[in-house]
Amino acid sequence: MDRYMGVPLSEVPAPAGSAAANYARHFVGELFLSTFKPLGLDPELYWMSELYRAGTMDSFIRTALDAATTVRAIYLRVSKVEKTADWLPISVICQTCGRIGTTHATDWDGETVAYACQPDMVAWATGCGASGRVAPFGGLAKLPFNVDWAAKWSHFGVTIEGCGKDLATAGGSRDRSDAIAREVFHREPPLNIPHEFINVGGKKMSTSRAQGAAAHEIAAVVPPEQIRLLLVRHRPQQAIEFNPDQTDAIPRLFDESDRLAAATAGRPVRGELPAHADRIFAASLPDAGMDPAAAAATFRPAFGHLALLVQIPGVNVAERAAAEKGSALTPAEVATLDGRIAAARAWLATYAPDAARIAVREDAASPNDDPAMRALLEDIANRLAAVAAPWTGDQVQEAIFNTATERAIPAGSVFAALYAAFLGRTSGPRAGWLLASLDPAFVIGRLREAAGSPTA
RNA sequence: GGGCCGUUAGCUCAGCGGCAGAGCAGGGGACUUUUAAUCCUCGUGUCGUGGGUUCGAAUCCCACACGGCCCUCCA
């Protein structure tokens, strides 16, 4: 580890087992790109290490070194950072040990600089102590971050580039780079659009601090379209509050996505829509080639509903979805459905609040308060005991309704009593199918507990 | 100590000089076989606080409070 501290990441070997050419490519390729790609972000990459090696940056290096006095003045004026009088805006790679973080360059003579690799320049790396002169071109040195940033604007002709608020602060990195662009490279810096962060539970999302959820964890649950919506629906300078843990934030994100789709497709929508709802929807589509109108018109099963259906044994979710739509699902709709089913399962396994999970009570039910209801539950138990296992959902549902009708008790209150006995709550999925999926002896026993009758 | 962004309904957020809004949550109601479904209905909230500008301020200006982030290096 120490051996590589201070060495350019492009020169550090990739971790064992990685196929990447070096450490930088390993992380950009394996982590960033694999997360971005499903989101429809397919950037064209430039590796600065290659541009430096190819000599592309040489003219900027020369300009910066010639203007070293100006650069030092900018650091002092803009950021109140005082560099020593011999400091040069160049980071030389030590010819002996390969480190870039430990070198101090001085004495630009128009072709070469002197440098020293210092053992105690920074706390996090130890220089080898070598010194010498080097022509800082062709990849033997790099520009410091702020100068490098400004140089890139000139080289790539950048006209607009946002950045996070951490860099956009007054006297911060962006201000320094802006000043360098103007005064050293004589070019107006690109239009800046500072943007906020994503907070989880009021705190900046941070994997290293184990705070809230990590991006790749959320991406494992929320499909690309909804993640894009999360990022796109707010003003950029508004921090995004997203706390999926034990909340309905994820189902709501789906609901908003579907609402925007409905509006785009011209279907009626409750309430007021945000300005440019159709544009927000189009921007949330991960595939740039996708026709927003066509995408909006497809059937989109409600996430909350799916999260319920996947928990009920014996339910054919695809059949239910087709029934709800009123016709067979298209291949694209099947793909949407499958994606949402997977998302619903992942959500239930991770972030979902307990209230969203159906769980049959382990403990015994207490007898119902109402004598008439107790008698009715006993009646249902007896009827079911006469039905040969395995029960079907229809059989159980029929037994419930027949009993309720005969005893002139509203079906609604019977169901409430059943849910209380089995789930410990007042509502739930279709009771007949729920009970049919459980062990018959258990069901009868539980019904008699709720009826207050001896179960032996 | 300096700076940037934010603060609007329980939650998430629009509105950004002209009657304070939406979704969700929540309350009430409808539906005699229940998808946690569906439908109808209900919104006074010190627009963070205090000043100022204005015929008129959530909106513009100034202070202050609170929250987040930054102000050494690296990127």
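Numbered from 1 within each chain, the chains take letters A, B, ... in sequence-line order.
For the pair Arg25(A) and Trp47(A), the distance from NZ or CZ to the six-membered ring centre is under 6.0 Å and the angle to the ring normal is within 45 degrees.
Of the charged side-chain nitrogens involved, at least one lies within less than 4.0 Å of a carboxylate oxygen, so that Asp178(A) and Arg174(A) count as a salt-bridged pair.
Under the rule for a side chain to side chain contact (heavy atoms under 4.5 Å, CB included), the partners of Ser131(A) that lie at least two apart in sequence or sit in another chain are Ala116(A). Ser257(A) meets the side-chain hydrogen bond (donor to acceptor under 3.5 Å, both in side chains) test with Glu225(A), Gln226(A), Arg300(A); sequence neighbours excluded.
Between Phe156(A) and Tyr46(A), the ring planes are tilted. Angles from 30° to 60° get that label. Relative orientation of the Phe145(A) and Trp149(A) rings is parallel, given thresholds of 30° and 60° on the angle between their planes.
Candidate nucleotides rC24(B), rC5(B), rA22(B) were compared by shortest atom distance to the side chain of Arg259(A), and rA22(B) ranks first.
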Pull out every protein N or O sitting under 3.5 Å from an N or O of nucleotides 72-75 of chain B, one pair per line with the distance.
from, atom 1, to, atom 2, distance (Å)
rC73(B), OP1, Lys83(A), NZ, 3.4
rA75(B), N6, Ser173(A), OG, 2.8

Base-contact (B) and sugar-phosphate-only (S) positions in nucleotides 12-17 of chain B, heavy-atom cut-off under 4.0 Å, - elsewhere: SSSSB-

Annotated protein contacts, base or backbone, on nucleotides 38-43 of chain B with a non-hydrogen cut-off under 4.0 Å, one of B, S, - each: --S---

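In this structure the side chain of Pro244(A) never reaches within 4.5 angstrom of the side chain of Val221(A), judged on heavy atoms. Counting heavy atoms from C-beta on, the side chains of Pro301(A) and Ile341(A) never come closer than 4.5 Å.
Here the C1' atom of nucleotide rU33(B) and the CG atom of Leu418(A) are 13 Å apart, to the nearest Å. Rounded to whole Å, atom P of rC11(B) lies 18 Å from atom CG of Asp245(A).
Counted by atom type alone, Asp278(A) and Thr264(A) present zero donor-acceptor pairs between their side chains at under 3.5 Å.
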Secondary structure of RNA chain B in dot-bracket form (Watson-Crick or G-U wobble, distances below 3.5 Å, | marking inter-strand pairs): ((((((((.[[[[.)..(..]]]].(((((.......))))).....[[[[[..)....]]]]])))))))....

